[in-house]
Asker: 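Take this structure first; my questions come after.
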There are 2 protein chains.
Amino acid sequence: MVFMSISERRERDRLKVRNKILDAARWLFASEGYDAVTMRRVAEEIEYSPTTIYLHFKDKDALIRELCRLDMMSLMQAIQNAADEPEPLERLRKTGMAYVKFGIEYPNHFRLMFMSNRLHEVEQLAEMGHGNPETDAYLLLLNTFEEAIAKQLLAPEFTDPHLLAQVFWAGTHGVVAIHINLYGDPWIEWRSVEETAKMTINAMIRGVQR
Amino acid sequence: MVFMSISERRERDRLKVRNKILDAARWLFASEGYDAVTMRRVAEEIEYSPTTIYLHFKDKDALIRELCRLDMMSLMQAIQNAADEPEPLERLRKTGMAYVKFGIEYPNHFRLMFMSNRLHEVEQLAEMGHGNPETDAYLLLLNTFEEAIAKQLLAPEFTDPHLLAQVFWAGTHGVVAIHINLYGDPWIEWRSVEETAKMTINAMIRGVQR
DNA sequence: TTTTTAAGATAACAATGTTAAGTAAATAAA
DNA sequence: TTTATTTACTTAACATTGTTATCTTAAAAA
C-alpha cells in the first residue's frame, strides 16, 4: 500500500521537526531557564517560523513540560541505578545522594518539576501516571521504608512508610532547594552540598533507626 | 523655616503614595503571585498612572522585593518569638515549626525569598545586610547549635555549628518547599504538613543528639 | 485534471515592562 | 508681583512576549 508508506514518511518528518524543537528548547532551558525559552528564539534556532511550534505543542508550557518530562525520565535512571543496593538504609543513602546530585546538575529542570505550583494541572499529572519519574522515585522510597520497617531496622514508633518517605524526601529536597537558590549568599558561611546532603541524610536515618 | 515644613509635607505625601503602591502590590502578590502583579493593575488600584510607580521603585522587581522584605521582617517576628525557649533542642523544634508555618501561610513570599535564583543581585543582598531576615534567622539557628554543642547535647562527632544549621535549615525548608509545590499530587498519599514537619525536625534532632 | 488536505509562513493582536516626551501646578527667584 | 524652575505626574509610544487568524503553497487524493 502506497498510503502507508507515505503517511509513515510524513509521520517521520513530523517527528523530526518535533525533536528539533525539543532539542532547541532543551538547550535554551537547561542553560538559561524558563523565561529564556522564547518561541521566537526556538523558531530561529530550528529555522522555522514561531507558529510552527504550535503545530507540535499546545503552547510554550506544554513544550517545556514535555522536554522536562523526557529529561527527568532519563535522569531518573541515575536514581534507579543507585537503588541497586540490598541493605535498605544504605539504599536510602545512595538514592538520596543521587537525587541531590541531579538536582544540583540540572537546577532548571529541578525548579520546573519541583518548584512551580502545578496544582492547576492535576489532569495532566494524572495522565502522566506511572511513567512519571517523580512518582516512580517516590515508590522506590516508599518500598525501601516498607522493607526497613519489615526488617525491624527502625524504632518501633515509626510505622507509617508514607510519612517516613515524605520526611526523607523533604530533607533531601531541602538540601537541593537551598543550594540551588541561595548558595553563594555572602552572609552565610556555606558548607558544601555534598557535606550538607550527607549529614542531612545520615541524621535523618539515625533519627529513625532502632 | 517654611522650607522645612513644605519639604516635610512633600516627603510625607511621597511616602503616602509609595505605601499605597506597596499595599496594592502586596495584595496582588500575596493572593496571586509574582506574575499577577502587573504595573498596570497596581496603577489602576491606586488610581495613578503606571509610570508613577517608577518614581518610587526602580522596576517591578524592586517593588516586589521591597514589599517582600518588609513582610518577611514582620513575619520573622514569629520565629523570634518562637525562639523564646531556654532549652536549645526544644528551641530548634519551636523555631523550625514557626518557619514551616509561615512558609505555608505565605507561599508566594516564600517562593520569592527562597525559591528564585538571586545570585545575580549579590550587591543588593550585601546592602541589605543584617536587616535581612533570612540572615537573622540563620544567626538564631547558628547560635542555638553553638549552645547545643557547648552544653554537650550533641554526639561528639558533630562539631560544626554552620553545617548543623544548614542541615537543619534544609530539612525544614524541604518540608515547606514540597508542600507548597507538590502537595495535592494525586499519586501520593500525602501526610499533613504538621505531621511531616514534626517528624522531620524530631528525626534530625534525634539524629545528632548525644 | 481538479479538489482537498496538510505544513508552514505572514501579519497581526493583546498583554507586558519600560521609557521619552510633555503638562501643569507648586515652589523659588527676580 | 512676575518670571523661572523644580516637581509630580500623565500620555503616548516602544520593544518583547505568547498566541491566533489568515493566507500560501505544495503534496496527495479524487
Side-chain angles (χ1 to χ4, degrees), chain A residues 1-22 24-26 28-29 32-68 108 112 116 120-121 124, chain B residues 1-22 24-26 28-29 32-68 108 112 116 120-121 124:
Chain A
M1 278 196 202
V2 186
F3 302 90
M4 289 313 270
S5 161
I6 285 179
S7 63
E8 277 169 15
R9 170 180 54 75
R10 282 227 187 177
E11 190 53 31
R12 278 201 307 278
D13 289 352
R14 253 190 83 78
L15 259 172
K16 246 183 230 169
V17 175
R18 188 186 142 98
N19 283 330
K20 283 182 79 168
I21 295 171
L22 279 171
R26 168 178 295 114
L28 286 168
F29 178 71
E32 300 182 50
Y34 192 94
D35 288 342
V37 185
T38 71
M39 303 308 253
R40 285 171 174 85
R41 268 182 89 176
V42 171
E44 196 176 12
E45 194 73 29
I46 63 174
E47 299 179 292
Y48 280 79
S49 82
T51 48
T52 294
I53 302 172
Y54 290 88
L55 301 176
H56 297 269
F57 300 94
K58 182 180 155 290
D59 54 22
K60 174 181 171 176
D61 213 59
L63 162 59
I64 296 193
R65 250 165 233 299
E66 173 64 7
L67 87 83
C68 220
N108 286 317
L112 187 73
S116 52
H120 31 76
E121 4 160 3
Q124 275 187 37
Chain B
M1 277 197 207
V2 186
F3 303 90
M4 290 311 269
S5 163
I6 285 178
S7 64
E8 275 169 16
R9 170 181 55 75
R10 282 223 180 172
E11 190 52 30
R12 278 202 308 275
D13 288 353
R14 252 189 85 77
L15 259 172
K16 246 183 230 167
V17 175
R18 189 187 142 97
N19 283 330
K20 283 182 80 168
I21 294 171
L22 280 171
R26 169 178 294 114
L28 285 169
F29 179 71
E32 301 182 52
Y34 192 95
D35 288 341
V37 185
T38 71
M39 302 310 253
R40 285 170 175 83
R41 270 182 87 176
V42 171
E44 197 176 11
E45 194 72 29
I46 63 174
E47 298 180 293
Y48 281 79
S49 82
T51 48
T52 295
I53 303 172
Y54 290 89
L55 301 176
H56 297 269
F57 300 93
K58 180 181 157 288
D59 54 22
K60 175 180 170 176
D61 213 59
L63 162 60
I64 296 192
R65 247 163 236 301
E66 173 63 5
L67 88 82
C68 219
N108 287 318
L112 187 73
S116 53
H120 32 77
E121 4 160 3
Q124 273 187 35

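Note that the structure is a prediction, hence the values are computed from the model and not measured. Below, read A as the first sequence line, B as the second, and so on, with proteins coming before strands; counting in each chain starts at 1.
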Asker: Could you say whether Arg10(A) or Val17(B) is positioned toward the 5' end of DNA chain D, judged by the nucleotide with the nearest heavy atom to each?
Answerer: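 Result of the comparison: Val17(B).
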Asker: Quick one: on DNA chain C, does Arg40(A) or His56(A) contact a more 5' nucleotide (nearest heavy atom)?
Answerer: His56(A)
Asker: Any base atoms under 4.0 Å from Asp13(A), or only sugar-phosphate, or nothing? Heavy atoms, all strands.
Answerer: nothing
Asker: Between Glu8(A) (CD) and dA28(D) (P), how many Å, whole number?
Answerer: 14 Å
Asker: Hey, does Val37(B) reach any base, or is it just sugar-phosphate, or nothing, if we go heavy atoms under 4.0 Å?
Answerer: sugar-phosphate
Asker: Would the distance check show the side chain of Lys60(A) and the main-chain N or O of Val37(A) forming a donor-acceptor pair, the cut-off being under 3.5 Å?
Answerer: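 Such a contact is found between Lys60(A) side chain and Val37(A) backbone.
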Asker: Tell me whether the OP1 or OP2 atom of dA9(C) has a side-chain N or O from Thr52(A) closer than 4.0 Å.
Answerer: yes
Asker: Around atom CD of Glu44(B), are there more than 12 heavy atoms from other residues, nucleotides or ligands closer than 6.0 Å?
Answerer: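 Counting other residues, nucleotides and ligands, CD of Glu44(B) stays at 12 neighbours or fewer.
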Asker: How many Å lie between CZ on Phe57(B) and P on dG17(C), as a whole number?
Answerer: 15 Å
Asker: Need to verify one output field. Residue with the more 5' nearest nucleotide on DNA chain C, Arg41(B) or Thr51(B)?
Answerer: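 Per heavy-atom nearest nucleotide, the more 5' residue is Arg41(B).
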Asker: Determine the minimum heavy-atom distance between Cys68(B) and Phe29(B), stating which atoms define it.
Answerer: SG-CE2, 4.1 Å
Asker: Take the protein atom CD of Glu44(B) and the nucleotide atom C1' of dA15(C), then report the distance between them rounded to whole Å.
Answerer: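 It works out to 14 Å between those atoms.
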Asker: dA15(C) phosphate, OP1 or OP2: any side-chain N/O from Thr38(B) under 4.0 angstrom?
Answerer: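 Negative; the distance criterion is not met.
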Asker: Looking for any heavy atom pair under 4.0 Å, which part of the strands does Asp59(B) touch: base, sugar-phosphate only, or nothing?
Answerer: sugar-phosphate
Asker: Between Ile21(B) (CD1) and dA8(D) (P), how many Å, whole number?
Answerer: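 Between P of dA8(D) and CD1 of Ile21(B): 12 Å.
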Asker: So Tyr54(A), base contact, sugar-phosphate only, or nothing? Heavy-atom distance under 4.0 Å.
Answerer: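 Base contact - Tyr54(A) has a heavy atom under 4.0 Å of at least one base atom.
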Asker: For Ile53(A) and Ala43(A), which heavy atoms make the closest approach, and how far apart are they?
Answerer: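 Taking every non-hydrogen atom into account, CD1-N, 4.1 Å.
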Asker: Leu55(A) CG to dC23(D) C1': how many Å, rounded?
Answerer: 14 Å
Asker: Locate the shortest heavy-atom distance separating Arg18(A) from Glu66(A); write the atom from each residue and the value.
Answerer: NH2-OE2, 3.1 Å
Asker: Can you measure Arg12(B) atom CZ to dA8(D) atom P for me and round it to whole angstrom units?
Answerer: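 The answer, rounded to whole Å, is 14 Å.
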Asker: Atom CD1 of Ile53(A) to atom P of dG18(D): distance rounded to whole Å?
Answerer: 9 Å
Asker: Roughly how many Å is it from OH in Tyr48(B) to P in dA24(C), rounded to a whole number?
Answerer: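 Answer to the nearest Å: 18 Å.
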Asker: Would you please confirm or rule out a distance under 4.0 Å between OP1 or OP2 of dA7(C) and any side-chain N or O of Arg14(A)?
Answerer: yes
